[in-house]
2 protein chains.
Amino acid sequence: MARTTSKDVARAAGVSQAAVSLVLGDKWRGRVSEPTAERVRDAARQLGYRPNLAARNLRLGRTRTALLVVPALTNEFFARVYTGAARIAAEHGFGVVLYPSPEGIGPARDPFDSAAAALDGVIASSMAADALAAIRGDELPLVMLDSDPDEGPGAATVNLDLADGMRQITDHLLALGHRRFLHIASAISSWTFEVRARALSSALKDIPGAELRTVTTPLSIDASRDATEAALTAPGPRPTALICDDDILAVGACKAARRLGLRIPEDLSVTGFDDLTLATAVDPELTTVRLPAEHVGERGMTALLAVLDGRPANADDLPVQLVVRNSTAPPPAQP
Amino acid sequence: MARTTSKDVARAAGVSQAAVSLVLGDKWRGRVSEPTAERVRDAARQLGYRPNLAARNLRLGRTRTALLVVPALTNEFFARVYTGAARIAAEHGFGVVLYPSPEGIGPARDPFDSAAAALDGVIASSMAADALAAIRGDELPLVMLDSDPDEGPGAATVNLDLADGMRQITDHLLALGHRRFLHIASAISSWTFEVRARALSSALKDIPGAELRTVTTPLSIDASRDATEAALTAPGPRPTALICDDDILAVGACKAARRLGLRIPEDLSVTGFDDLTLATAVDPELTTVRLPAEHVGERGMTALLAVLDGRPANADDLPVQLVVRNSTAPPPAQP
DNA sequence: CGGACGACGTTATACGTAAAACTTCGATCA
DNA sequence: TGATCGAAGTTTTACGTATAACGTCGTCCG
């Protein structure tokens with residue numbers, strides 16, 4: 001037997017389908033009498049009526065659904081972004097569907113081939129430019145998270161003040177006395193990492209005696225460990241501080257140090273970025289920059305709702321905060 | 001200007017809307033001539049036509065969308081389950097929408113209030129019985145992951161052979177010579193943890209001299225650390241091996257050990273469960289049981305597709321595999 | 001006392017798609 | 001030659017909802 005429709009409820013309550021729609025849609029003041037409304041509500045409850053969303057969406061021309069595009073959900077940062085976005089969405093009767101972007105998922109040509117993709121808008125995180133183009137093709141409202149503001153003219157953006165985070169790291173390390181730095185950078189070319197690199201070199205530019213080398217690596221513990229090990233055994237004076245683009249990279253860097261018999265933080269300081277669960281799971285706990293991932297998701301969803309309402313979206317950068325733990329200390333005395 | 005509809009395409013191609021539907025629906029052999037079909041396809045491409053899914057869903061009475069209910073996406077295990085499910089779904093033109101179950105999300109009364117919840121079926125992971133009841137009320141096809149098979153009579157289930165995993169752990173520890181065990185158990189009361197406890201006590205039942213104590217704790221590093229510390233400083237002979245329900249708990253347990261000046265694995269062996277990224281991030285790397293999380297998601301989605309097709313679903317348990325790393329060793333010599 | 005109005009509904013329509021039922025037209029065949 | 005058939009479409013309908021447009025009746029006021 002088929003699902004119960006508003007027509008079934010109408011029959012049970014002895015009214016027309018339109019009356020059911022009015023009552024359940026909460027738009028009946030002065031249109032339906034209280035006793036009748038009550039009868040309708042009773043019948044609906046009795047029959048376990050649930051409106052057919054496909055029909056409603058078709059009628060209203062909107063779906064109250066947003067698409068969240070993320071690189072990978074298994075990265076805790078993006079899982080937290082989703083959580084924040086979904087909370088705000090739920091408060092406004094919206095749903096959030098995910099699209100893990102880069103080949104993470106099967107043969108769908110683009111996000112909009114997905115069956116669930118009857119969308120009101122899109123929130124895109126750390127988008128590559130080409131994927132962005134595909135999205136902008138469909139003229140859906142778009143909010144970009146943690147992405148180059150210049151890429152998407154006209155689109156709302158929610159950005160973290162990553163440059164300030166990098167500055168806080170360098171201030172901290174410089175104050176401890178470090179001068180020789182190695183930047184463990186993500187090989188992923190995206191705004192979120194490029195801005196770190198720029199902030200880092202600009203922060204060290206005017207420091208006398210400061211040296212900065214860089215090594216890039218895929219975003220995994222093992223890759224970072226190998227890349228760091230290679231860099232640390234290279235000829236020349238050894239850096240005293242490793243500045244990592246991400247906690248995951250920092251964990252790999254720590255593993256490399258351990259392999260080489262270097263103690264952290266006595267022989268080598270290491271910093272992360274993100275403040276994932278990982279950061280406090282390892283020993284020593286990582287000095288890192290805490291990123292308010294849930295807030296990013298919340299602000300992203302809030303911005304999308306604003307855009308859909310034709311309101312302007314708040315465009316301030318979200319502040320980030322250095323968290324000093326046990327992976328940083330003054331550099332060892334000069335040999 | 002509104003989105004282009006099949007009617008627009010029809011006008012551009014000089015045919016009727018029905019012809020467009022036939023051609024694009026790939027059901028036109030013998031109904032439309034090849035030149036006409038090509039004209040329609042051209043027009044569709046030209047106009048960037050994308051079918052309105054709300055309308056299609058309404059017409060067809062199905063949405064090609066499944067709901068995945070998980071406790072928390074920030075737990076890597078469930079993020080991986082999602083990834084697996086979404087991959088299989090995409091291969092079959094399905095979408096997956098998430099419902100983080102336990103109060104994780106706003107005021108939605110139940111999963112089906114969610115705006116995106118126009119569903120063909122449900123995959124529920126680690127469900128509590130009451131939430132399950134709410135779901136079964138709607139007579140949607142249901143697949144249960146890692147849940148008590150007795151709870152959901154008639155529903156398809158995808159289970160891991162967790163009992164075997166626990167047996168592999170005890171075999172390993174017993175072979176190393178351990179006899180005094182402390183079980184760091186999750187305070188969450190669900191099948192997935194209950195089955196571990198049962199398997200553990202039954203495995204130790206017939207071992208002469210084996211002792212088993214248990215302490216329960218919330219599923220977080222800090223909570224586990226505190227609970228473990230308390231248990232290890234309790235009077236009586238100290239256990240030589242900690243068997244943890246989850247890698248997260250194991251990491252907390254390691255922290256407690258470190259606080260108490262105990263070395264792992266020399267003074268104390270520790271085992272985890274899941275084989276998350278965490279397990280190889282910490283030092284020493286954890287001996288743990290690898291759970292094929294992606295496979296769980298894949299099998300869950302495959303089972304749901306089978307149920308929707310009226311085919312029987314594969315009900316075999318998924319095998320799990322002990323991974324021996326550096327957190328286990330023979331117990332210290334008796335004092 | 002007539003008509004304007006409000007309360008309480010109902011009827012009718014549109015949203016965009018898929019597909020069943022129908023039309024037209026030439027070719028085939030007994 | 002008249003019935004039949006297949007190709008190539010078109011016309012029509014249904015899916016379930018929200019809402020605009022339309023009735024009907026009693027009341028109140030000028």
Side-chain angles (χ1 to χ4, degrees), chain A residues 1-41 43-44 47-65 93 112-113 115 117-120 138, chain B residues 1-41 43-44 47-65 93 112 115 117-120:
Chain A
M1 103 201 114
R3 256 167 77 106
T4 73
T5 74
S6 59
K7 208 169 295 184
D8 299 328
V9 176
R11 197 173 317 123
V15 298
S16 72
Q17 180 267 331
V20 174
S21 189
L22 288 173
V23 171
L24 269 40
D26 235 33
K27 202 54 204 166
W28 55 284
R29 345 176 183 253
R31 313 265 290 121
V32 177
S33 69
E34 176 53 36
T36 308
E38 191 53 33
R39 228 166 57 241
V40 169
R41 281 189 290 259
L47 298 176
Y49 169 67
R50 239 183 260 284
N52 179 321
L53 292 182
R56 169 179 292 173
N57 291 341
L58 174 58
R59 176 68 234 252
L60 296 179
R62 69 209 152 84
T63 56
R64 300 185 88 74
T65 299
F112 309 100
D113 275 4
L119 305 172
D120 279 353
D138 302 66
Chain B
M1 108 200 107
R3 255 168 78 105
T4 72
T5 75
S6 60
K7 209 169 295 182
D8 298 330
V9 176
R11 197 173 316 124
V15 298
S16 70
Q17 180 268 330
V20 174
S21 188
L22 287 173
V23 171
L24 269 41
D26 234 35
K27 201 56 203 166
W28 56 284
R29 335 163 195 264
R31 311 266 289 122
V32 178
S33 70
E34 175 56 36
T36 309
E38 191 52 35
R39 228 165 57 240
V40 168
R41 281 189 290 259
L47 300 175
Y49 170 65
R50 239 184 261 284
N52 178 320
L53 292 183
R56 169 179 292 174
N57 292 341
L58 174 58
R59 177 70 235 251
L60 296 179
R62 70 209 152 83
T63 56
R64 300 185 87 75
T65 299
F112 309 100
L119 305 171
D120 279 354

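Residue numbers start from 1 in every chain, and the chains themselves are labelled A, B, ... in the order their sequence lines are given, proteins ahead of strands.
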Nearest heavy-atom approach of Val20(B) to Val15(B) is CG2-CG2, 4.0 Å
In whole angstroms, the gap separating C1' of dT17(D) from OH of Tyr49(A) amounts to 7 Å
Review point. Is the distance from OP1 or OP2 of dG9(D) to the nearest side-chain N or O of Ser33(B) less than 4.0 Å?
Key: yes
Side-chain contact check for Pro51(A): nearest option of dT10(D), dT17(D), dT17(C) is dT17(D)
Whole-Å distance, Asn57(B) CG to dA19(C) P, equals 13 Å
Note: Ala55(A) and Leu58(B) closest approach over all heavy atoms is CB-CD1, 3.7 Å
Atom CG of Leu22(A) and atom P of dA20(D) are separated, to the nearest Å, by 10 Å
Rounded to whole Å, CG of Leu24(B) lies from C1' of dG16(C) at a distance of 13 Å
When rounded to whole Å, the CG to C1' distance for the pair Asp8(B) and dT17(C) reads 13 Å
Q) Within the distance-only criterion (no hydrogens, no angle test), does the side chain of Arg50(A) pair as donor or acceptor with the backbone N or O of Arg3(A) below 3.5 angstrom? A) no
Quick one: is Thr36(B) getting a side-chain N or O under 4.0 Å of the dG9(D) phosphate, OP1 or OP2? yes
Winner on side-chain proximity to Thr5(B), out of dT19(D), dG9(C), dG16(C), is dG16(C)
When rounded to whole Å, the CG to C1' distance for the pair Leu58(A) and dG16(D) reads 9 Å
Exercise. When all nucleic acid strands are considered with a 4.0 Å heavy-atom cut-off, which category describes Gly30(A): base, sugar-phosphate, or nothing?
Worked result: base
Of the listed dG9(C), dG16(C), dT10(D), the closest approach to the Arg31(A) side chain comes from dG9(C)
**Asked** Which part of the nucleic acid, if any, lies within contact of Val20(A), taking any heavy atom under 4.0 Å across all strands shown: a base, the sugar-phosphate backbone alone, or nothing?
**Response** nothing
Report yes if a side-chain nitrogen or oxygen of Ser6(A) is closer than 4.0 Å to either non-bridging phosphate oxygen (OP1 or OP2) of dT17(D); otherwise report no. yes
Arg39(A) atom CZ is separated from dC8(C) atom P, nearest whole Å, by 13 Å
Note: Ala37(A) and Val23(A) closest approach over all heavy atoms is O-CG1, 3.8 Å
The answer to which of Lys27(B) and Ala55(B) contacts DNA chain C further toward the 5' end, by nearest nucleotide, is Ala55(B)
Check: Leu60(A) near the nucleic acid: base, sugar-phosphate alone, or nothing, with a heavy-atom cut-off under 4.0 Å?
Finding: sugar-phosphate
Of the listed dG9(D), dG16(D), dT19(D), the closest approach to the Gln17(A) side chain comes from dT19(D)
Main-chain N/O of Ala54(B) paired to Asn57(B) side chain as donor or acceptor, under 3.5 Å:
no
When rounded to whole Å, the CH2 to P distance for the pair Trp28(B) and dA20(C) reads 19 Å
Per atom distances to the Val32(B) side chain, the nearest of dT17(D), dG9(D), dT11(D) is dG9(D)
